[in-house]
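Encoded as structure tokens, the structure appears first; notes follow it.
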Amino acid sequence: MYNLTCDVAIIGGGPAGLSAAVAAKKESGGRVLVIERDESIGGILQQCIHPGFGLTYFKEELTGPEYAGRFADEAKELGVEFLLNSMVLDMDERAGTVTCVNREYGMTAITAKSIILAMGCRERTRANIMIPGSRPAGVYTAGSAQRLVNRQNEMVGKKVVILGSGDIGMIMARRMTLEGAKVLAVIELMDYLAGLTRNKVQCLDDFEIPLYLSHTITKIEGYQRVKGVYFAKVDENKKPIQETEQYIECDTILLSVGLIPENELTRKALIDISSITNGPKVNQYMQTSSENVFACGNVVHVNDLVDNVSTESIKAGKFAAQYAMNTLPKEEKAVENIAGENVRYLCPQSISVSPESEKVSLYFRVLHPDQNVKIIARDGDKVLASKKRIRVNPGEMEEITFNTGYISGSSVTVEVVKEGQES
Amino acid sequence: MVKTDVVVIGAGAVGCAIARELSKYKVKVTVVDKRDDVGGDASKSNSAIIHTGYDAAPGTLESQLVVAANPMYEQLTKDLDIPFEKIGAILPAFTDEQFESLPAIKEKAFKNHVYDVEYLSKKEILEKEPELNPEVKGGLFIPRESIIDPFVLVQALAENANENGVDFMLNTEVIDIKMEKGAVKEVVTTAGIIETSYIINAAALHCDDIAAMVGKADYKVMARRGQFYILDKNTSCKVRNIVLPIPTKITKGKLMTPTIHGNMLVGPTAEDLPDKEDVSVTTEGLDSIYTDVRKMIPEVNIRDTITQYSGLRPNRNPEGLHVDIYEDVKGYVNLSGVRSTGITLSVAMAKYVAEKLKEIGCELALKDDFKATRKGIPCFHEMSVEEKESIIKENPLYGTVICRCETITEGEIVEAIHRPIGAKTIDAVKRRVRAGMGRCQGGFCGPKVIEILARELNLRTDQVAKNLEGSYMVIGKNK
Amino acid sequence: MKKEIICTVCPIGCHIAVEGEGDNIISMEGYGCKRGEQYAHAEFAHPVRILTTTVKTDSEKTPLIPVRSDKPVPKEKIMDCMAEIRKCLAKAPVGVYDILIEDVCDTGVNIVATGAVK
């Protein structure tokens, strides 16, 4: 077995891992190692060739490869080390050891003072949402198709129907159109857009691609290759209304029906996982239930903006480095964050309160769209912070920030209520 | 023109078991199948159980073959390196009526020479299977009901047959059978004519079409569709045994069982269809599985499903398993009525058919050099660290993980492509080494497997198929 | 000419109704802020987009390189630019921000690499 030791080991060299690596190196100057399964770093951003990245973090509009490139360059300059083509198979978090397999070195064990999980997420599949019909070739998740088109130079089909109005789905609608395919419909189960409005305008409207809200695919046709799809309007219980069924002839179906954090390693290590986010539960240091294991990015919860991933990952990197140096603030008490009215989940799920007051930001998604609302964080009857929002949408992450010094109880509740109706 | 002694039509479990059995003898055997891979239709979409025959109709050929086959698997799966586990089945009784029917089931098992069925008290059955609905009153335990990898079973039989000299012609559809002087003479296929003295019709769903070619269509085969769910290995509610419902007069019902690879399998439906190709899944069918199985296992978490599929079992009308030979069609053996017990009985059927062949004059003399064993593809994720180390040193392709959900390496995929009866399609790779069989269903590894297949088989990427001809994955290079 | 524009400046997504011809705008309704007004004006008179796609390379290992327009291109020229970019073959090595096509379709905009090929 090939053995390596370092201060901070980071599993995953995508945007989360790279941002965390930069921050960890800056904080400690110790040995920081990124373990990446692909032959190059950048993760999913390598195939996200479209613009729209970096607007909040870099205050300019970048493409995926450029965004990843900035962090990769910085990491290399700082002396972060990379172990490419290396798939992590096991983690013994008590010993701080990660075992991976690498073509060159064979089985490799990396022992680190702290570990950061940054494995990202995977796409929900046809089976996850149980689309009825046959099982021909030509049904792809949007991300797989994106890899084929943007990295492998393969065209996946000519006549395309997209299920789900998530950002990747809409971006692939434009991408396929630009490369000469005809995108015949984007079908969305909910009565609102799953992704960003900007993407609807620039990816669908620009190319006159029809969007069907409150619709779903009722049957896939074709035995060898997709021949077509039936789709129908859904009622208020999301059940298809038979009389509204329509047929579209197509050879390809792309699915953009959600992402799931990829936590097989986390699960194996028996780290606490939230049943709502499907990611590890963390505190504001992005520290998991195993104190030497931190996590960041889409492995924790699915983000819509990579800029938010970087912000969160920089925290993970910084605090994992502090843990490695034994300078992480000592916890005085743990405070639980509770999702109140119209809040699906909160991330971090808990706050580690130390004698030193610090600012914490809680990120969350609403359960349903609303307008003219107030976001309130409270500790019992005491309001810790509040802010107004003209519009909130489950597709867009919200945030509220307050000082830990104000917390006196054992929990913080965040709620989103109609303005004027707050108690 | 190809010349052979015996043509086996159909490369499902039964066809491949027959081929392997005949490969012990000094006789030239050719297997033809219209599909891209061995594994047939019904043989690849079933509940992956090796039955004991406890519930067969006593005295029938089906009972005789299933009961004889079950004990053969212990040795066969060792010889051919097939994942197999004798986990046992339980039949829980929830109503008084069901509870009172248990003695009759046990008695029937006895008549089928299945003597090891045991009664379980409420306490015993709940200890065996804590996920059962606590209303359970008691039940039966059938210790030798087992689980197997049905894909590997068929592949192993085929590979071993091939190593012992059997030819396989895949993507080859039988169009006609020519006779001369009341005996079979030629099989006309899409790949040309095969001259032969004996034909074994093991075409399952399509065996009536083949029988019609020799004028023996005195039965019809309809498709009975069974829909299934596969649940994630991490699903919140897992059973330890094969949990079978007590059958009603109308149906055998829907079961839940672990698979040999640690997933949960739930199903099937039983729907008679006019179409022999319709392997689609339906909302109604899938919902009915959940409704029924939840009665036995209340916490079954269908939302953890990673795939759903349908299998078509051949439903003979009139019913019954038949192996027929005819005075006026010499050299022809017709198999019909092979249904859900087909996987199990395949290996006993093979011996039975060999006897039939002898009966109709086929000379079967044992070979001296028959090789009875076959080694499976080395499975990286089941190896110890030392074994992993050494295989990577030997072949660095084992150091690259392609399918991250199931931890399948490039080495395993390349081996699957190049072994005898190698994988030529995405699904054939998946059924050999499980790349794409996990929770992302090939989302990550699919694009890479296309590249590997193209590279290894020297194909353009648009020639790489999911399975059948026409099931292309991509339409060509974009630029 | 009348047009409804969905504002993309912030997530609110105001629907802005604009009437006029080119830069000569007669009426504009529905914007929520100054930036929205500017956006609607530009989007009505001269809609532009950053164009991103790929260019074929002569490298076997990296068959494609991601590219972008270094400035936004007029929306109506996007398909013309795509046709032009399709003809391009990048010879390795290529560095990030190397210009692969100068002044694509007389737009005054360059097509530059956003990745690298060794």
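Reminder, nothing fancy here: chain letters follow the sequence lines and each chain counts from 1.
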For [X], which atoms come within 4.5 Å of any heavy atom of chain A: side chain, backbone, both, or neither?
X: B:Lys448; result: both
X: B:Lys393; result: neither
X: B:Thr282; result: backbone
X: B:Asp278; result: both

Query raised in the report: Would you call A:Glu264-B:Arg404 a salt bridge at under 4.0 Å N-O?
Result: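 B:Arg404 and A:Glu264: not salt-bridged.
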Do [X] and [Y] have side-chain atoms, one donor and one acceptor, less than 3.5 Å apart?
X: B:Gln441; Y: A:Thr125; answer: no
X: A:Arg135; Y: B:Thr307; answer: yes
X: A:Arg103; Y: B:Thr400; answer: yes

What's the spacing between [X] [atom1] and [Y] [atom2] if we round to 0.5 Å?
X: B:Asp275; Y: A:Tyr223; atom1: CG; atom2: OH; result: 5.0 Å
X: B:Asn478; Y: A:Met176; atom1: CG; atom2: CE; result: 8.5 Å
X: A:Lys219; Y: B:Ser280; atom1: NZ; atom2: OG; result: 5.0 Å
X: B:Arg439; Y: A:Arg122; atom1: CZ; atom2: CZ; result: 5.5 Å
X: B:Glu469; Y: A:Arg225; atom1: CD; atom2: CZ; result: 15.0 Å

Query - Side-chain donor/acceptor of B:Glu389 to backbone N/O of A:Met107, under 3.5 Å - result: yes
Report task. Verify, without hydrogens or angle tests, whether A:Asn153 (side chain) and B:Lys479 (backbone) share a donor-acceptor contact under 3.5 angstrom. Result -> yes
Query raised in the report: So do A:Leu148 and B:Met473 actually touch side chain to side chain, heavy atoms under 4.5 Å?
Result: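 Not in contact.
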Query - A:Val156 and B:Ile475, any side-chain heavy atoms less than 4.5 Å apart - result: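 Not in contact.
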Requested in this report: Tell me, for A:Ile131 versus chain B, whether the close heavy atoms (under 4.5 Å) come from the side chain, the backbone, both or neither.
Outcome: backbone
